[in-house]
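All remarks here apply to the structure that follows.
Computed from a predicted model, the values in this text were never measured in an experiment. Residue numbers run from 1 in the order of the sequence given.
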Amino acid sequence: MRVLLNFMRRDASSASGAGTPARHPVQQSLLDQSPSRPRIERQAVTRTFDGVTCYEVPARTAVEAVPAAAGLPYRWAASPYRGCAAGCRHCAARRGHRYLGLDPVSDFATRIVVKTTLADRLRRELASPRWAGDPVVLGLTGDCYQPAEETYRLMPAIVRAFADAGNPFTVLTRSPLVLRDLDLLREAAKVTQVGALVPVGFVDDRIRRAVEPAAASPQRRLEICAALNDAGISCGVLMAPILPLITDSGDHLRATVRRAAEAGAVSVTPAVLRLPAGARESYLAWLEREHPGLVPRYQTLYGNGQLAEEGYRGRIAAQVATLCETYGIGRSARRWRRRRSPDRQLALV
């Protein structure tokens, strides 16, 4: 435990048109402006649904820069939600809760910021002469189709905003709720480039239950990928996170890439686990409980930073690239899908 605490301390020292809610939530008064309350609570309308607190705020900006460390081929992102009910222990977006006065470990999955006016703000920004029309990824700070979306229904207006501007965009989601908007996505694809990325870092569901307890299973996510591609929405797999010393073996990598190929993924983008503040505390606490022998090795691999050692990341990327070539992803995926046997077919259930 001492090794883990030292690891965390060093990281901390180095980091300097909403829809109408469908249910009757508990709404808290905003009269109490006590400084002991989280900053976001003093600025938002607060509602509670099924044990999850939602902070409704207007969107000050819609499009934000994507951190280079995210490892995504996008410069810009827009997110209707900050925080995510999936509660993945490794989620790098946890860090943002600190700036809101919330606990990135205990509050990330139960206190969700809802940008109720994001679609309107997005329309203004996409119409600005200063905007160059670059592709935008949706859902970087919280799954844009998480359960709160069933209540707020922000995504249909956001998709229409991109379509009306003719601006390319990609939806990043683990949730089958994305299929609700399939017709809208297809309509948008008639006027601009529309894509999707489904995060599947590994296909071992026992590991998923441990580190992604409320997220859809890897099988279910691959079924989403297959359904989107079958509907004409180009969908790839974001192979993230690859967990060092846990899911980075040759067998794990091969199984994940093979299953992505079987689902018809048009691309596989590997990303090794990042450990920024917030995600580091959450993930390493689990690691200390379940795999204490790995903590010193993580300390060596990550040092004081959020990224694993560069040589390690390069080796993983090279292995995944070779596997993608083997299974024809990005080059001849149709050939591979014809070779699979009937018992390996994915069924959308």
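Across every non-hydrogen atom of Arg208 and Ser217, the tightest pair is NE-CA, 3.9 Å. Closest non-hydrogen pair, Asn229 versus Ala263, comes out as ND2-O, 4.3 Å. Residues Pro58 and Thr117 approach most closely at CA-OG1, 3.4 Å, considering heavy atoms. Counting all heavy atoms, side chain and backbone alike, Ile242 lies closest to Pro244 at O-CD, 3.3 Å. Closest non-hydrogen pair, Ser79 versus Thr141, comes out as CB-OG1, 3.1 Å. The two residues Arg94 and Val105 come nearest to each other via the heavy atoms NH1-O, 3.0 Å.
Residue pairs meeting the salt bridge (charged side-chain N to carboxylate O under 4.0 Å, His left out) criterion with at least one partner in residues 133-146, sequence neighbours excluded, are Arg75-Asp134. Here ring-ring contact (aromatic ring centres under 6.0 Å, His included) pairs that include residues 240-265, with residues two or more places apart or in two chains, number zero. Counting only residues at least two apart or on different chains, no salt bridge (charged side-chain N to carboxylate O under 4.0 Å, His left out) pair has a member in residues 236-254. Sorted by first and then second residue, the ring-ring contact (aromatic ring centres under 6.0 Å, His included) pairs involving residues 278-297 (not counting sequence neighbours) are Tyr283-Trp286, Tyr283-Tyr298, Trp286-His291. Judged as a salt bridge (charged side-chain N to carboxylate O under 4.0 Å, His left out), not a single pair has a partner in residues 295-318 (not counting sequence neighbours).
Inter-residue side-chain proximity for Ile112 and Thr53 is flagged as unmet; no heavy-atom pair is nearer than 4.5 Å. By the 4.5 Å heavy-atom criterion applied to side chains, Arg82 and His97 are counted as neighbours. Contact annotation: the side chain of Leu154 approaches that of Val114 to within less than 4.5 Å [non-hydrogen atoms, C-beta and beyond]. Cys91 places a side-chain heavy atom less than 4.5 Å from the side chain of Phe108. Looking at Leu294 and Ile246, their side chains come closer than 4.5 Å, going by heavy atoms from C-beta outward. Counting heavy atoms from C-beta outward, Arg174 and Cys88 have side chains that approach closer than 4.5 Å. Between Val320 and Cys324 there is a side-chain heavy-atom pair separated by less than 4.5 Å. Side-chain contact between Leu323 and Thr256 is absent, with no heavy atoms from C-beta onward closer than 4.5 Å.
Atom CG of Leu138 is separated from atom OG1 of Thr173 by 10.5 Å, given to the nearest 0.5 angstrom. One distance of note links CD of Glu223 with CG of Leu179; it measures 10.0 Å at 0.5 Å rounding. To the nearest 0.5 Å, the span separating OG1 on Thr247 from CG on Asp204 amounts to 9.0 Å. To the nearest 0.5 angstrom, Arg160 atom CZ is 5.0 Å from Leu184 atom CG. The distance from the CD atom of Glu41 to the OH atom of Tyr55 is 4.0 Å, given to the nearest 0.5 Å.
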task: Mind running side-chain contact (heavy atoms from CB on, under 4.5 Å) on Arg153 and Arg180 for me, showing each step along the way?
output: CA-CA 10 Å; Arg153 298 184 65 87; Arg180 178 200 69 188; 3.6 Å; yes
task: Begin from the C-alpha positions of Thr48 and Val52 and carry the test side-chain contact (heavy atoms from CB on, under 4.5 Å) through to its verdict.
output: CA-CA 6 Å; Thr48 301; Val52 175; over 6 Å; no
Stepwise side-chain contact (heavy atoms from CB on, under 4.5 Å) test for Thr46 and Cys54: CA-CA 6 Å; Thr46 305; Cys54 293; over 6 Å; no
Verdict with supporting geometry, Tyr81 and Glu149, side-chain hydrogen bond (donor to acceptor under 3.5 Å, both in side chains): CA-CA 9 Å; Tyr81 304 100; Glu149 172 63 13; 2.6 Å; yes
task: Could you give me the CA-CA distance, side-chain angles and deciding distance for Glu281 and Arg89, then say whether side-chain contact (heavy atoms from CB on, under 4.5 Å) is met?
output: CA-CA 9 Å; Glu281 292 88 338; Arg89 301 184 191 279; over 6 Å; no
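Linking ILVMFWY side-chain heavy atoms closer than 4.5 Å, directly or via other members, places Leu301 and Leu307 in two distinct hydrophobic clusters. Phe49 and Met155 end up in the same hydrophobic cluster when Ile, Leu, Val, Met, Phe, Trp and Tyr side chains are linked at under 4.5 Å. Residues Tyr74 and Leu140 share a hydrophobic cluster, clusters being chains of Ile/Leu/Val/Met/Phe/Trp/Tyr side chains in contact below 4.5 Å. Ile233 and Val137 are not part of a single hydrophobic cluster, where members link through side-chain heavy atoms under 4.5 Å apart. Ile329 is connected to Ile316 through a chain of hydrophobic side-chain contacts under 4.5 Å among Ile, Leu, Val, Met, Phe, Trp and Tyr, so both are in one cluster.
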Considering only distance and modelled atom types, tabulate donor-acceptor pairs under 3.5 Å from the side chains of residues 264-274, sequence neighbours left out.
from, atom 1, to, atom 2, distance (Å)
Arg274, NE, Ala69, O, 3.3
Arg274, NH1, Gln306, OE1, 2.9

List the atom pairs, donor and acceptor, that lie under 3.5 Å between side-chain atoms in residues 188-203 and the rest of the protein, sequence neighbours left out.
from, atom 1, to, atom 2, distance (Å)
Lys190, NZ, Glu187, OE2, 2.9
Thr192, OG1, Gly166, O, 3.2
Thr192, OG1, Asn167, O, 3.3

Show me the side-chain donor-acceptor pairs of residues 234-241 shorter than 3.5 Å, one per line, residues at least two apart or across chains.
none

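The backbone N or O of Val63 sits nowhere less than 3.5 Å from a side-chain atom of Thr61 that would complete a donor-acceptor pair. Remark: the backbone N or O of Ala62 is paired with a side-chain donor or acceptor of Glu125 at under 3.5 angstrom.
Every salt bridge (Lys or Arg N to Asp or Glu O under 4.0 Å) that Asp107 has, sequence neighbours left out, goes to Arg111. Evaluation of the ring-ring contact (aromatic ring centres under 6.0 Å, His included) rule for Tyr145 yields no partner, not counting sequence neighbours. The side chain to side chain contact (heavy atoms under 4.5 Å, CB included) search around Arg60 returns Gln43, not counting sequence neighbours. Annotation: side chain to side chain donor-acceptor pair (under 3.5 Å) contacts of Gln146 (sequence neighbours excluded): none.
Checked for salt-bridge contact, Asp183 and Arg186 meet the test: a charged N lies under 4.0 Å from a carboxylate O. Ionic pairing of Asp205 and Arg209 is present here: one or more N-O contacts between side-chain nitrogen and carboxylate oxygen are shorter than 4.0 angstrom.
Counted by atom type alone, Tyr152 and Thr116 present zero donor-acceptor pairs between their side chains at under 3.5 Å.
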